[in-house]
Protein chains: 2
Amino acid sequence: MIEHKVAQESCKNCHLNEVCIPESMNDHEVAQLETLVKLRIKLKKKDFLFLAGDDFKAIYAIKSGSIKTSITNQAGMEQINGFFIQGEIIGLDGFATDKHVLNAIALEDTHICVIKKDELESMSEKFIPLKNQIQRIMSKEIVRDNNMMLLLGNMNAEQKIATFIQNISNRLNKRHNNHLAITLRMTREEMGSYLGLTNETVSRVLKKLSDINLISIDAKELLILDEDGLKQVIHQDCNP
Amino acid sequence: MIEHKVAQESCKNCHLNEVCIPESMNDHEVAQLETLVKLRIKLKKKDFLFLAGDDFKAIYAIKSGSIKTSITNQAGMEQINGFFIQGEIIGLDGFATDKHVLNAIALEDTHICVIKKDELESMSEKFIPLKNQIQRIMSKEIVRDNNMMLLLGNMNAEQKIATFIQNISNRLNKRHNNHLAITLRMTREEMGSYLGLTNETVSRVLKKLSDINLISIDAKELLILDEDGLKQVIHQDCNP
DNA sequence: CGGATGCTTGAGGTCTATCAAAGCGAGTGG
DNA sequence: CCACTCGCTTTGATAGACCTCAAGCATCCG
């Protein structure tokens with residue numbers, strides 16, 4: 001990991017403060033949070049933030065850019081299990097055993113706010129809203145994971161890809177970005193790994209969705225042309 | 001939900017205290033925990049503990065019996081996403097939004113220790129080890145979910161079933177039960193839902209594993225005959 | 001410019017879902 | 001206590017979705 005200290009900035013003024021940790025904190029509480037984020041890191045594409053087995057030292061908020069996380073099981077299989085963008089928090093997998101189980105790697109140049117575990121712990125003893133917030137983020141993560149399992153277990157390739165697109169769109173929307181224009185930072189292969197598909201299938205399905213005018217796709221640039229149409233793809237075969 | 005108050009019992013003397021919440025607490029801390037568990041519930045088979053949409057009022061430790069949890073997405077698809085046995089904690093999905101996202105239903109007659117949210121929160125402000133413990137449990141849950149995604153996305157039917165068996169065996173082992181003799185409390189259909197397979201496939205694969213003498217199976221009674229063989233099935237196709 | 005990496009497209013094969021029917025077992029009611 | 005039913009399980013035949021393998025093309029980067 002390549003670390004660069006960057007000028008201290010304010011959580012209060014960060015345009016992400018609605019989606020990052022401060023979510024439901026008042027000004028006073030955010031002020032306390034600030035004392036936690038003493039370090040910010042710049043990552044270049046392919047730099048890792050942490051790897052499986054690394055000591056759990058901090059949790060991380062993405063200030064800009066994007067990160068993929070992956071897991072390897074005992075059998076040596078690797079799967080990407082998350083793509084994270086601006087305002088999202090990663091590193092929570094480390095709480096269980098004090099070691100990370102996931103790898104976290106930058107998909108592009110990325111800025112990270114570091115919240116060190118030690119300070120997090122001493123702080124959150126005095127400062128309950130923070131601990132509650134962390135708990136809520138973890139619980140959200142559990143809900144997200146459960147939905148992912150549903151996807152992997154029960155959907156066909158078209159449904160998976162349509163759901164994936166919709167999900168990214170929703171998350172962009174939450175951050176007040178244009179939610180119809182998506183730049184795919186990951187490769188087809190990485191999308192496939194995430195969705196339990198091969199890169200060829202990803203490529204074919206994207207083509208098909210484009211052929212029926214639900215999206216347009218040019219390399220990494222994806223436009224959603226028909227939100228309702230995408231929903232219908234996701235809901236196919238339901239309530240027959 | 002059918003509630004029965006049962007005689008107050010001691011967490012300290014509970015034979016589960018090594019795997020339930022008290023895991024890493026000292027005697028004094030366990031004593032504090034006890035004041036939290038004021039209610040215990042008996043569920044009969046098919047009774048639900050909570051349903052998706054229910055207010056999040058408590059988290060639950062399974063004292064005996066077993067529980068399945070399931071999730072339904074907007075598209076109306078339902079999937080079982082967890083089987084929980086003695087000593088395990090459920091209900092953590094409620095922290096995010098203060099509503100449960102999962103359904104929790106008893107697979108057999110089951111005893112539950114109830115830890116009410118209100119008391120949990122007021123208690124854990126004064127009582128840090130508890131909050132840390134909850135955090136650790138949630139993080140474990142995240143790790144578990146990630147492994148499940150790996151399974152659903154990348155494994156074939158044989159690998160899924162072998163992994164499932166191994167996983168249950170490990171959990172029984174942790175509780176000092178005979179880890180080679182497993183009583184499957186769920187139906188083939190429920191196993192299938194959990195693993196992303198149909199009941200027919202589950203049935204066929206169990207038969208196959210039995211035919212090659214890795215297990216023996218008679219209705220719900222499963223015996224592991226060859227632990228190493230099971231591992232080999234899981235690791236098939238790796239490092240070719 | 002050349003090599004590496006990623007993307008697309010095609011042909012063929014395999015795994016697992018689907019559909020169907022019969023066997024089994026637990027629980028119910030006569 | 002037995003007969004019956006309903007739900008679960010097993011087994012077979014078939015079909016289709018997706019993977020695998022392969023080749024050609026585009027893009028990126030030193």
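Each chain gets a letter, A, B and so on, in the order its sequence line appears, and its residues count up from 1.
- Listed here is the closest heavy atom pair of B:Ile161 and B:Leu206: CG2-CD2, 3.8 Å.
- By the 6.0 Å contact criterion, NZ on B:Lys57 is open, its count of non-hydrogen atoms from other residues, nucleotides or ligands being 12 or less.
- Closest non-hydrogen pair, B:Ile182 versus B:Ile168, comes out as CG2-CG2, 3.9 Å.
- Spacing between atom NZ of B:Lys160 and atom P of C:dC15 amounts to 14 Å, rounded to whole angstrom units.
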Can you give me the N/O atom pairs linking the protein to nucleotides 25-30 of chain D at distances under 3.5 Å, or say none if there are none?
none

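- The CE-P distance, from B:Met191 to D:dT10, rounds to 10 Å in whole Å.
- Of the residues B:Lys220, B:Arg185, B:Lys42, the one that meets the salt bridge (Lys or Arg N to Asp or Glu O under 4.0 Å) test with B:Glu108 is B:Arg185.
- Phosphate contact (OP1/OP2 of C:dG25, side-chain N/O of B:Lys220, threshold under 4.0 Å): absent.
- Partners of B:Lys99 under the side-chain hydrogen bond (donor to acceptor under 3.5 Å, both in side chains) rule, at least two apart in sequence or in another chain, are B:Asp55.
- Ring geometry for B:Tyr60 against B:Phe50 counts as parallel: the plane angle stays under 30°, on a 0 to 90° scale with 60° as the upper cut.
- Distance A:Asn156 CG to D:dC19 C1': 15 Å, rounded to the nearest Å.
- Residues forming a side-chain hydrogen bond (donor to acceptor under 3.5 Å, both in side chains) with B:Asn103 (at least two apart in sequence, or on another chain): B:Ser70.
- Rounded to an integer number of Å, the gap from CD of B:Gln159 to P of D:dC19 is 14 Å.
- In this structure, the CZ atom of B:Arg185 is 16 Å from the P atom of D:dC8, given to the nearest Å.
- In this structure, B:Glu189 atom CD and D:dC6 atom P are separated by 18 Å, rounded to whole Å.
- Computed from coordinates, the B:Asp218 CG to C:dG25 C1' distance equals 12 Å when rounded to whole Å.
- Using modelled atom types, no side-chain atom of B:Arg171 and backbone atom of B:Asn167 make a donor-acceptor pair closer than 3.5 Å.
- Protein atom CD of A:Glu158 is 11 Å distant from nucleotide atom C1' of D:dA17, rounded to whole Å.
- Of the residues in residues 197-210 of chain A, those placing a heavy atom less than 4.0 Å from an atom of DNA chain C are A:Glu200, A:Ser203, A:Arg204, A:Lys207, in numerical order.
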N/O donor-acceptor pairs under 3.5 Å from side chains in residues 143-151 of chain A, not counting sequence neighbours:
{"from": "A:Arg144", "atom 1": "NH2", "to": "A:Glu141", "atom 2": "OE2", "distance (Å)": "3.3"}
{"from": "A:Asn146", "atom 1": "OD1", "to": "B:Asn81", "atom 2": "ND2", "distance (Å)": "2.9"}
{"from": "A:Asn146", "atom 1": "ND2", "to": "A:Ile142", "atom 2": "O", "distance (Å)": "3.1"}
{"from": "A:Asn147", "atom 1": "ND2", "to": "A:Val143", "atom 2": "O", "distance (Å)": "3.2"}

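- A:Asp226 and A:Gln232 are not linked by any side-chain donor-acceptor pair at a separation below 3.5 angstrom, with hydrogens and angles left out of the test.
- Each end of the helix from C:dC1-D:dG30 to C:dG30-D:dC1 gets its own rotation axis from five pairs of C1' atoms, and the angle between them is 40° to the nearest 10 degrees.
- Inspection of the A:Ser193 and A:Gln79 side chains reveals no N or O donor paired with an N or O acceptor under 3.5 Å.
- Note on B:Gly196: only backbone sugar-phosphate atoms sit closer than 4.0 angstrom, heavy atoms only; bases stay farther off.
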